[in-house]
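Just so it is clear, the structure is predicted and the values come from calculations on it, not from any experiment. Reckoned from all heavy atoms, side chains included, excluding hydrogens, waters and symmetry mates.
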2 protein chains.
Amino acid sequence: MERQLPTALLMFIASRYAMDRIFGVLRQAGLEGVSDAQMKLVMNIDVEGTRLSVLAERAQIAKQTATALVDKLEAAGWVERVPDPTDGRARLVRPTSKAAPFEPVAHAEERAIEAEWEAHLGAQRMAELRSALESLREITDPYL
Amino acid sequence: MERQLPTALLMFIASRYAMDRIFGVLRQAGLEGVSDAQMKLVMNIDVEGTRLSVLAERAQIAKQTATALVDKLEAAGWVERVPDPTDGRARLVRPTSKAAPFEPVAHAEERAIEAEWEAHLGAQRMAELRSALESLREITDPYL
DNA sequence: TCACATAGTCCTACGGTCGTACTAATATTA
DNA sequence: TAATATTAGTACGACCGTAGGACTATGTGA
């Protein structure tokens with residue numbers, strides 16, 4: 001008999017599974033040398049580019065940490081820093097054309113996982129799960 | 001309008017929130033000098049003690065990493081290593097009496113979070129959420 | 001103008017992580 | 001029983017992630 005796990009831990013288990021799978025297919029697709037921390041940061045970049053401080057906030061890490069991660073990603077050619085036209089102090093971190101092919105790969109795996117979960121739970125329970133999680137986000141997401 | 005976040009990311013957000021809160025109250029209660037990584041490891045220790053390799057597997061880290069974390073926890077007096085009576089090679093990692101008072105603190109906060117979530121969602125949706133997560137665990141938990 | 005806030009970086013220190021290699025104890029099998 | 005393989009845990013070393021403090025450059029507002 002299994003002990004009753006906290007709801008938050010159950011969420012953690014499932015989310016870790018999904019991230020491991022997505023990072024796995026990205027590496028198989030050729031994204032080698034990119035660490036998990038770097039991937040998590042990249043996931044927060046918008047297509048038009050995102051400021052470093054915003055990335056740091058979204059990933060819940062210090063600006064210095066984000067700087068270090070972006071340094072490595074930039075050296076490897078996955079992202080580039082361009083001036084922010086709206087603020088001379090800021091720069092936008094943007095994925096390069098070298099990184100572009102991996103975005104659909106990540107999204108496809110993401111959809112595949114959701115499809116498997118829906119197949120396991122049924123459409124109705126999956127929809128309720130999503131709805132409940134979105135509702136919980138209102139009281140748990142620090143950027144909302 | 002917010003972009004549609006993946007289900008797994010929604011889970012990650014909520015679970016991170018819960019962990020941050022639990023670790024926060026533990027530190028306020030006097031658990032200082034214990035890092036997040038150390039806390040995550042301690043959370044996996046059973047009351048009667050747990051083998052290091054089991055801890056490593058549960059936390060999804062290498063044995064050497066677990067050794068290093070337990071070393072620090074032991075040096076600080078939070079856990080102790082005792083021989084495993086059933087296997088001369090193994091040792092059981094066990095919380096010390098110094099650590100005991102913090103267990104109820106963690107559980108109380110855990111219950112408080114779940115109560116808040118239930119208040120936000122309603123009893124029925126919360127129950128459905130738990131049920132769906134437990135079901136997903138069957139296909140996402142590497143130790144099940 | 002001048003004080004202040006903000007974006008990002010540099011330097012430095014430390015903790016977490018794991019590959020490789022090892023010892024000690026147990027399990028297996030000839 | 002003796003030889004072999006497996007397993008639990010550790011030691012060492014290299015690297016990454018992380019953040020505190022201090023700094024430069026730019027923007028903001030009285």
Side-chain angles (χ1 to χ4, degrees), chain A residues 16 19-20 23-24 27 31-46 48-76 78-94 142-143, chain B residues 16 19-20 23-24 27 31-46 48-76 78-94 142-143:
Chain A
R16 180 179 59 184
M19 291 210 190
D20 286 350
F23 294 169
R27 293 201 175 93
L31 238 190
E32 287 169 15
V34 180
S35 70
D36 283 12
Q38 289 167 29
M39 289 213 188
K40 281 184 194 165
L41 198 73
V42 170
M43 282 174 47
N44 292 311
I45 302 178
D46 304 308
E48 71 274 14
T50 307
R51 288 191 191 182
L52 187 133
S53 50
V54 173
L55 288 182
E57 193 189 14
R58 287 185 185 165
Q60 292 276 269
I61 57 179
K63 283 192 303 177
Q64 304 97 304
T65 305
T67 298
L69 292 173
V70 170
D71 282 349
K72 280 164 189 143
L73 287 165
E74 190 172 33
W78 301 115
V79 304
E80 59 188 353
R81 284 184 247 228
V82 299
D84 184 336
T86 72
D87 190 330
R89 294 166 299 180
R91 299 158 83 186
L92 296 177
V93 178
R94 212 169 53 177
Y143 326 103
Chain B
R16 179 179 61 185
M19 292 210 189
D20 286 349
F23 295 169
R27 292 202 175 92
L31 239 189
E32 288 169 15
V34 180
S35 70
D36 283 11
Q38 290 166 28
M39 290 212 188
K40 281 185 194 166
L41 197 73
V42 171
M43 281 175 47
N44 292 311
I45 301 178
D46 305 308
E48 70 275 13
T50 306
R51 289 190 191 182
L52 186 133
S53 50
V54 174
L55 288 183
E57 194 188 12
R58 288 185 186 165
Q60 291 276 270
I61 57 178
K63 283 192 303 178
Q64 307 95 299
T65 306
T67 298
L69 293 172
V70 170
D71 282 349
K72 281 169 187 139
L73 287 164
E74 190 173 33
W78 300 116
V79 303
E80 59 189 351
R81 284 185 247 228
V82 299
D84 184 335
T86 73
D87 191 328
R89 293 166 298 181
R91 299 159 82 186
L92 296 177
V93 179
R94 213 170 52 179
Y143 326 102

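Separating the CZ atom of A:R91 from the C1' atom of C:dT9 is a distance of 9 Å, rounded to the nearest angstrom. Here D:dT18 presents its C1' atom at 15 Å from CG of A:D36, a figure rounded to the nearest Å. Atom P of nucleotide C:dC10 and atom CG of A:D71 are separated by 7 Å, given to the nearest angstrom. Atom CG of B:L69 is separated from atom C1' of C:dC14 by 14 Å (rounded to the nearest Å). In this structure, B:L73 atom CG and C:dG16 atom P are separated by 9 Å, rounded to whole Å. Rounded to whole Å, the distance from CG on A:L52 to P on D:dT18 is 13 Å. Between the P atom of D:dC12 and the NZ atom of B:K63 lies a distance of 17 Å, rounded to the nearest Å. Rounded to whole angstrom, the span from the CG atom of B:L41 across to the C1' atom of C:dG15 amounts to 14 Å.
Taking every side-chain heavy atom of B:A62 into account, C:dC18 is the closest of D:dG17, C:dC18, C:dA7. When each of C:dT17, C:dT9, D:dG17 is scored by its nearest atom to the side-chain atoms of A:T65, the top-ranked nucleotide is D:dG17. Taking every side-chain heavy atom of A:R81 into account, C:dG8 is the closest of D:dG9, D:dC16, C:dG8.
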Stepwise side chain to side chain contact (heavy atoms under 4.5 Å, CB included) test for B:L41 and B:I61: CA-CA 10 Å; B:L41 197 73; B:I61 57 178; 3.8 Å; yes
Derivation and outcome, side chain to side chain contact (heavy atoms under 4.5 Å, CB included), residues A:V79 and A:Q38: CA-CA 11 Å; A:V79 304; A:Q38 289 167 29; over 6 Å; no
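Of the two residues contacting DNA chain D, namely A:I61 and A:R89, the nearest-nucleotide position lying further toward the 5' end is that of A:I61.
In this structure a side-chain-to-backbone donor-acceptor pair under 3.5 Å is present from B:D87 to B:R89. For A:R27 (side chain) and A:V34 (main-chain N/O), a donor-acceptor pair under 3.5 Å exists by modelled atom type. Side chain of B:R91 to backbone of B:R81: no donor-acceptor contact under 3.5 angstrom is found.
For A:Q64 against D:dG20, a side-chain-to-base donor-acceptor contact under 3.5 Å is present. Put simply, the side chain of A:Q60 and the base of D:dT18 share no donor and acceptor less than 3.5 Å apart.
Within the 4.0 angstrom heavy-atom criterion, only backbone atoms of the sugar-phosphate kind lie near A:D87; the bases stay farther away.
When the side-chain nitrogen and oxygen atoms of A:T67 are compared with OP1 and OP2 of C:dT9, one or more of them lie within a distance under 4.0 Å. At the phosphate of C:dG16, OP1 or OP2 sits under 4.0 Å from a side-chain N or O atom of B:K72. A close approach under 4.0 Å does not occur between any side-chain nitrogen or oxygen of A:Q38 and OP1 or OP2 of D:dC16. For D:dC16, the OP1/OP2 oxygens have no side-chain nitrogen or oxygen of A:S35 closer than 4.0 Å.
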